[in-house]
Amino acid sequence: MSQYNSHTPISYLQGVGPSRSDLLKKELGIRTYGDLLNFFPNRYIDRTQFFKINQLQQNSAEIQIVGKITSLKTVQQKRGSRLVATFVDETGTMELVWFRGAKWIKESLKINIPYVIFGKTNYFNRSFSMPHPEMELVVDYKKNMRTAMQPVYPSTEMLINKGVSNRVIQKMMQQLFNEIPRNMQETLSEEILEKQELISKKEAMFNIHFPTSHELLTKSQYRLKFEELFFIQLQLIRKKMIRKSKIKGYSFDHVGDKFNTFYKNHLPFELTNAQKRVLKEIRKDVASKAQMNRLLQGDVGSGKTIVALLCMLIAIDNGFQASIMAPTEILATQHYNSIKELLQDMDVEIALLTGSVKTKARKVIHEKLENGTLDILIGTHALIEDKVKFKNLGIAIIDEQHRFGVEQRSKMWRKNDLPPHILVMTATPIPRTLAMSVYGDLDISVIDELPPGRKEIVTAHRYDSNRLSVFKFMKDEIAKGRQVYVVYPLIKESEKMDYKDLMDGYESISREFPIPKYQISIVHGKMKADAKEFEMQRFIKGETQIMVATTVIEVGVNISNASVMVIESAERFGLSQLHQLRGRVGRGADQSYCVLMTSFKLSADAKIRLETMVRTTDGFEVADVDLKLRGPGNIMGKQQSGVLNLKIADLVKDGDILMSAREMAFEILQNDPSLETEENINIKRTYQNIHKNAGVWSNIS
Ligand code: ADP
Ligand code: MG
């Protein structure tokens, strides 16, 4: 064994001094031998082919040529100077040019000695030149470990400026492979290698940096992606298993009177098959002796509320209390009203608790909660306050969970002796691969079907120049008795301009839709809460026909008479936000519309977003496009980026590998939950190493 291991600081590597090691740390996060080893190329180029100067063509890709420098000159220019070399082979002459680092490069270049140069060529004044070529003496070129496919490593402006070119990184990699132990430890078990037909760790690591053939490169990539995803899944599944075995939950072992009466006599519609399936999944979960931790995904309008209510009735039938927490007062109130209506003929005690409930009323609620006469509590953040004590909370439901922090959610866990069952609901569809990586430790249910009879929302894209016809359309719909939303973007960075746009828009709509014939509400973030609420209520009651707003109306608001959503500057919204906004209409029986207003100037991505919105109303399809456009880190936000900080796998492209990795992880843990067998010794060691060293795998439930 060599004295070096993966924790050896990178400055120990031959050729890496203190300043370069600082640079590697800052620019690439590389601190140790292990970091460098796991720094993977993001593409490869073919270097089997050599060109002659007289074969060069305009706009060619990166190429390599063998030749000599015959002369060097420094040319003064406006700022600094550039270095120009005359480079010849037996077929012609070209120039090599450096705009930066001229002095340093000039000293290092040798005249009349054969070089291999590599780079992209420019064509100007009927001659070719190559700016900032990678250069290597032919003698060195022949000596070095080299293969047909040349790796290209991710780089930064700073690295290039400081002379750390791709070539330099390749050299460091070679040096690294000279120094590290030859028998690199295997991280997976024989069983996995065999079943998944994976090559060994050692072979994969070598070939990812120095591919000896296309085939081996492909196998190496597969092996390393599999490994990366496997250990993430292993951790998530293990966490889930531990929770299921260690954390006891309340068992709702029977379905009783309340549930049955409601189901038979008061359910206003038949459940969709998706709702029935999800309900079954939940029932099975809460009847086991373990605590449920389930994510319920369902597009806007898919009917999550009724599922939540039925779950709460099961809890009540088993002698427990239940709660729903929503992110805003409006939403909480809406839940309260609709559930109260559904339960009007039932003997179930229910209350609403929000920040604006007066002290006296609050006291009554607290009392009834503690003596157990209150069955269901619905509310906002007010629910998680320590003062709010339940006699016997059995299930806590959290709506639009992404609006709550982990911290807030975990407070619900402590509202009873054993943690209550937790059901988090979200209307933001998460692509499957992403859900399995981020919420892989939760159980996931999906309502993937809308209630029957819904009319698909008609979505259209219109340019600002068509505004008059859009106004006309709004008037026609209002004449039919409908209501209209007009939404403006509000982005922090351009807040001032955005408010101006909102106010300008409000004014022009006021002119176009004059009182008394039309009434307009306006709601935005700078208004006081009660003013907001007042305007909102006017719209809910139908006193106003148009609601001009910023994105405050995004979440969950359900006004079934509002059937038109006009989104201004739609090109500035993200896809999932557009989809969420569109979900505010299409709640009632009427045909609904969504109009996306934009200027003519659209980026390529914006075009794709708009086309996607016009093409489909399927939230999962929208989410898939969003994932492709923005990547996983941006979709899930900082909080989760740890798990998504993948070195080689790609959640967009490697869905199949992820599935195999998850199945394999599951199989392994089922047979050997604590990884104690001889067979799994490699896995256990690697798993422990990852945990010791990487904070990135922190808790994420
Ligand atoms: P979300 O999933 O967005 O929370 P809701 O629970 O608010 O959706 O339901 C949207 C609307 O659909 C409500 O008016 C609800 O009464 C209705 N609904 C829910 N399930 C069904 C069903 N199976 N059949 C008909 N209407 C339903
Ligand atoms: Mg809802």
Side-chain angles (χ1 to χ4, degrees), residues 249-326 332 334-352 372-378 390 392-399 420-427 443-454 556 558 560 587-589:
Y250 298 112
S251 175
F252 300 171
D253 49 22
H254 67 284
V255 169
D257 188 41
K258 293 265 181 338
F259 182 96
N260 287 327
T261 310
F262 180 80
Y263 203 93
K264 273 193 215 113
N265 304 331
H266 304 298
L267 198 61
F269 35 68
E270 197 187 347
L271 294 185
T272 61
N273 285 329
Q275 285 170 321
K276 284 182 193 162
R277 189 192 65 236
V278 166
L279 197 62
K280 233 183 249 163
E281 287 166 359
I282 295 172
R283 267 170 63 173
K284 196 169 151 223
D285 240 13
V286 294
S288 78
K289 297 201 164 46
Q291 181 220 15
M292 174 175 79
N293 242 294
R294 188 171 281 275
L295 175 70
L296 173 56
Q297 287 197 60
D299 217 337
V300 275
S302 61
K304 294 185 290 294
T305 314
I306 196 81
V307 173
L309 174 58
L310 288 163
C311 296
M312 295 197 290
L313 291 176
I314 300 177
I316 296 168
D317 276 339
N318 284 273
F320 291 91
Q321 292 164 300
S323 71
I324 298 187
M325 180 164 73
Q334 228 163 52
H335 275 311
Y336 175 74
N337 289 335
S338 57
I339 287 175
K340 200 172 157 149
E341 195 185 317
L342 286 163
L343 293 178
Q344 60 186 334
D345 299 322
M346 302 261 312
D347 178 23
V348 175
E349 187 78 23
I350 146 176
L352 175 69
T373 42
L374 195 57
D375 299 306
I376 295 177
L377 182 64
I378 297 172
F390 292 80
N392 195 11
L393 181 65
I395 184 167
I397 296 169
I398 300 168
D399 198 16
H421 297 298
I422 305 279
L423 181 69
V424 293
M425 309 199 291
T426 177
D443 292 299
I444 301 180
S445 287
V446 182
I447 305 183
D448 50 7
E449 182 187 354
L450 291 183
R454 284 285 162 79
N558 188 0
S560 59
R587 295 275 173 144

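Because only heavy atoms are used, hydrogens play no part in the values below, and waters and symmetry mates are left out as well, while side chains stay in.
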* Asked: Would you say E341 has more than 12 foreign heavy atoms packed within less than 6.0 Å of its CD?
  -> no
* Asked: Is any side-chain heavy atom of Q275 closer than 4.5 Å to a side-chain heavy atom of E270?
  -> no
* Rounded to the nearest 0.5 Å, what's the gap from CD on Q344 to CD1 on I350? Could you check? => 11.5 Å
* Partner residues of H421 under the side-chain hydrogen bond (donor to acceptor under 3.5 Å, both in side chains) criterion, sequence neighbours left out -> none
* Asked: Out of curiosity, L296 CG to D443 CG, how far, rounded to the nearest 0.5 Å?
  -> 12.0 Å
* To do: Under the side chain to side chain contact (heavy atoms under 4.5 Å, CB included) rule, collect the residues that match up with E449, sequence neighbours excluded.
  => T272, N273, A274
* Ignoring hydrogens and angles, tell me if any N or O in the side chain of S302 forms a donor-acceptor pair with the backbone of L450 under 3.5 Å. => no
* To do: Determine whether more than 12 heavy atoms belonging to other residues, nucleotides or ligands lie under 6.0 Å from atom CG of N265.
  => yes
* **Test side-chain hydrogen bond (donor to acceptor under 3.5 Å, both in side chains) applied to N392 - qualifying residues, sequence neighbours left out** => N416
* Any pair with a residue in residues 276-323 that passes ring pair (Phe, Tyr, Trp, His ring centres under 6.0 Å), sequence neighbours left out, goes on the list, sorted by first then second residue, please. => Y250-F320, F252-F320
* Asked: Taking C-beta and beyond as the side chain, do I324 and T305 meet within less than 4.5 Å on heavy atoms?
  -> no
* **Note, M312 side chain near I339 side chain (heavy atom, < 4.5 Å)** => yes
* **Partner set under side-chain hydrogen bond (donor to acceptor under 3.5 Å, both in side chains) for D375, not counting sequence neighbours** => none
* **Where at least one partner belongs to residues 255-276, residue pairs that pass ring pair (Phe, Tyr, Trp, His ring centres under 6.0 Å), sequence neighbours excluded** => F259-Y263
* Structure fact -> To the nearest 0.5 Å, atom CG of D285 lies from atom CD of Q291 at 9.5 Å
* Asked: Taking the side chain as C-beta and beyond, is there a heavy-atom pair between L393 and L377 under 4.5 Å?
  -> no
* K280, NZ atom: more than 12 neighbouring heavy atoms under 6.0 Å -> no
* Asked: Is there a side-chain contact between I447 and K304, using heavy atoms and a 4.5 Å cut-off?
  -> yes
